[in-house]
Amino acid sequence: MTEQSITIMLIILAIFLGAAWILWRDKEKRKKWFLTKVRKMWGSVADREYTEPELVSISHYTRKHQGSRFAIDDITWNDLDMDKIFMVLNTTVSSCGEDVLYHMLRVPEFDPDTLQKREELIEYFRSHQKEREEIQQVVREVRKFSSMSLSDYIYVLKDVERKGDIKYKLMALVNVIAIGLLLINPLAGGILLFIGIFMNGLVHMKDSKKIEPYLNCMICILRLLRAADGFEKIKNPTIQSYLDRIKKGRKTMQNFRRGAWLVASTNSVQDGLEAFVISYLKILFMVDMIKFYSMLKYVDGREAEIEDMFAAMGELDALIAIASFREFLPYYCVPELSDSPSESCSQEHISFRAENMYHPLIPDPVANSIHIHQGVLVTGSNASGKSTFLKTLALNAILAQTIHTCTCHAYQSVYLKVMTSMALRDNLEGGESYFIVEIKSLQRILKECEKKQPVLCIVDEVLRGTNTIERIAASSQILRSLCKPHVLPLAATHDIELSYILEDCYSNYHFEEEIRDHDVVFNYLLKQGRATTRNAIRLLEIIGYDPEIIKDAQEMAKRFEETGVWKN
């Protein structure tokens with residue numbers, strides 16, 4: 001070997017080692033950046049805002065996996081601003097993590113064993129920083145997507161028309177024969193190769209457009225498998241059941257990756273000589289078309305393994321996010337839930353207790369406590385805290401059976417189905433008035449209560465969309481029909497009359513305000529009994545209404561209280 005050859009080899013080796021060092025340094029730099037990011041996120045709220053289409057895409061995983069289980073319906077979800085709750089909680093680092101976290105919030109658990117397992121892992125991740133960061137480092141390989149969730153990419157493969165790849169193999173074979181013929185008969189080989197390239201180019205251009213939308217689907221599965229490779233290196237008995245599920249999926253899909261770069265690189269390689277060469281090789285030998293349908297055929301029948309691998313990674317990512325949420329809260333408790341038949345099916349009403357309960361989205365919230373075993377009517381003026389209190393109670397009932405974390409000092413209840421009818425609006429597209437929307441919303445609650453399973457139902461201003469006489473008559477009967485042993489109904493109302501009509505089956509609570517120095521002051525504290533203050537007309541005076549209007553209104557109100565008759 002000459003000195004010149006040795007020099008060239010040393011130069012090549014130096015270039016190779018230099019490139020390897022640059023890649024290693026870049027990898028370590030990205031790893032350090034990611035660790036800084038997750039440590040900064042720990043114990044804080046997520047800072048990403050989601051658009052409506054993104055949230056709809058994330059919800060698809062739940063729609064596909066809900067089955068016959070009870071889930072928080074759209075009305076209740078919107079009433080309680082659950083999208084905001086999800087976004088605050090969502091410090092996940094992967095698409096599978098955010099899909100599963102959303103699913104947890106949307107589908108309450110009624111199995112104590114499942115909730116206990118979640119609890120154990122949530123607390124484990126709270127106290128084991130190294131282990132949770134190791135998992136986050138691996139699962140981040142899956143990444144997040146802005147337009148679609150990863151589960152959508154996986155499910156959309158079912159829409160691909162299943163074709164054989166014989167056509168593409170024959171077309172590739174023609175060009176192989178043409179290249180071989182060039183060595184024997186250059187003219188014949190050249191003509192055959194020209195025809196082959198021309199025909200392959202036409203077919204490739206036409207058929208590649210059909211598979212283009214599905215290439216990202218393959219890339220998403222490859223990302224799952226890349227993350228699965230990382231989980232293979234983790235040795236952690238605490239999450240062994242999850243590691244086993246991921247390992248099973250990885251083993252099942254191992255052959256899926258062979259030659260996958262031929263398909264996966266289509267979108268990633270855009271410029272330069274490399275793109276030019278690869279593009280012509282694909283046209284010449286149809287390798288991307290052959291490999292795509294080969295990979296598609298390999299996915300068929302293995303969807304369950306892919307989905308379980310997806311779910312296992314997602315659960316770990318979601319539980320770490322829940323542990324971080326606990327660190328963010330000023331205080332929280334682990335709920336005490338009971339599914340005792342003697343409690344839920346007896347003739348005595350089920351009970352509910354929460355101590356110092358607050359809403360996690362409100363800065364400097366006022367905490368309230370309540371212990372009830374029958375229906376509750378909450379009265380008080382506008383902006384006094386009625387709706388917020390009812391939303392807080394319903395939200396905690398959902399959090400208890402989803403993330404096993406309540407924003408209060410103590411929480412005790414049976415397992416509950418939560419349904420609300422609060423922030424309703426006219427259905428302009430459907431041509432329905434507010435009143436029609438409202439009575440349909442209430443009807444769905446009444447139907448659910450017929451199933452004899454514990455239900456917590458929250459109603460804000462029953463039948464506010466109609467006149468006073470019919471509102472009081474109808475709402476009193478609707479609320480009375482909810483007085484069942486397995487139902488806990490809570491309603492906010494301005495109609496003090498209801499507190500008297502229903503006092504045999506509903507407890508009364510209220511919020512009140514004070515007027516100080518021509519200003520209204522709310523303390524947002526829940527108090528027992530019905531509201532006794534009437535400050536609506538006084539408020540008109542404070543903000544500067546015509547004194548004549550104030551005087552006449554006060555006289556009319558006083559006359560009605562004395563006679564029970566409205567007079568002009």
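Below, each value reflects all heavy atoms present in this structure, side chains not excepted, and no hydrogens, waters or symmetry copies.
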Below 4.0 angstrom, N of the basic side chain to O of the carboxylate: do [X] and [Y] qualify?
| X | Y | result |
| --- | --- | --- |
| Lys117 | Glu109 | no |
| Arg118 | Asp111 | no |
| Asp74 | Arg63 | yes |
| Glu315 | Arg245 | yes |
| Asp546 | Lys551 | no |

Mind checking whether Phe310 and Tyr61 have ring centres under 6.0 Å apart?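 Between Phe310 and Tyr61, the centre distance is under 6.0 Å.
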Phe325 ring center within less than 6.0 Å of Tyr332 ring center: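 No, they do not, as the ring centres are separated by 6.0 Å or more.
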Do [X] and [Y] have side-chain atoms, one donor and one acceptor, less than 3.5 Å apart?
| X | Y | answer |
| --- | --- | --- |
| Thr76 | Arg444 | yes |
| Gln374 | Ser507 | yes |
| Arg39 | Thr36 | no |
| Asn90 | Tyr50 | yes |
| His60 | Asp99 | no |

So Tyr102 and Trp77, would you call those rings parallel, tilted or perpendicular, with 30° and 60° as cut-offs?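 The rings of Tyr102 and Trp77 sit tilted, inter-plane angle from 30° to 60°.
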Return the orientation label for the Tyr331 and His409 ring planes: parallel under 30°, perpendicular over 60°, tilted otherwise.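 Rings of Tyr331 and His409: parallel, under 30°.
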Is there side-chain contact between Asp81 and Lys391, with heavy atoms separated by less than 4.5 Å?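 With C-beta onward as the side chain, the pair touches.
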Can you confirm if the NZ or CZ of Arg530 lies within 45° of the ring axis of Tyr500 and under 6.0 Å from the centre of its six-membered ring?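 Cation-pi check for Arg530 and Tyr500: passes.
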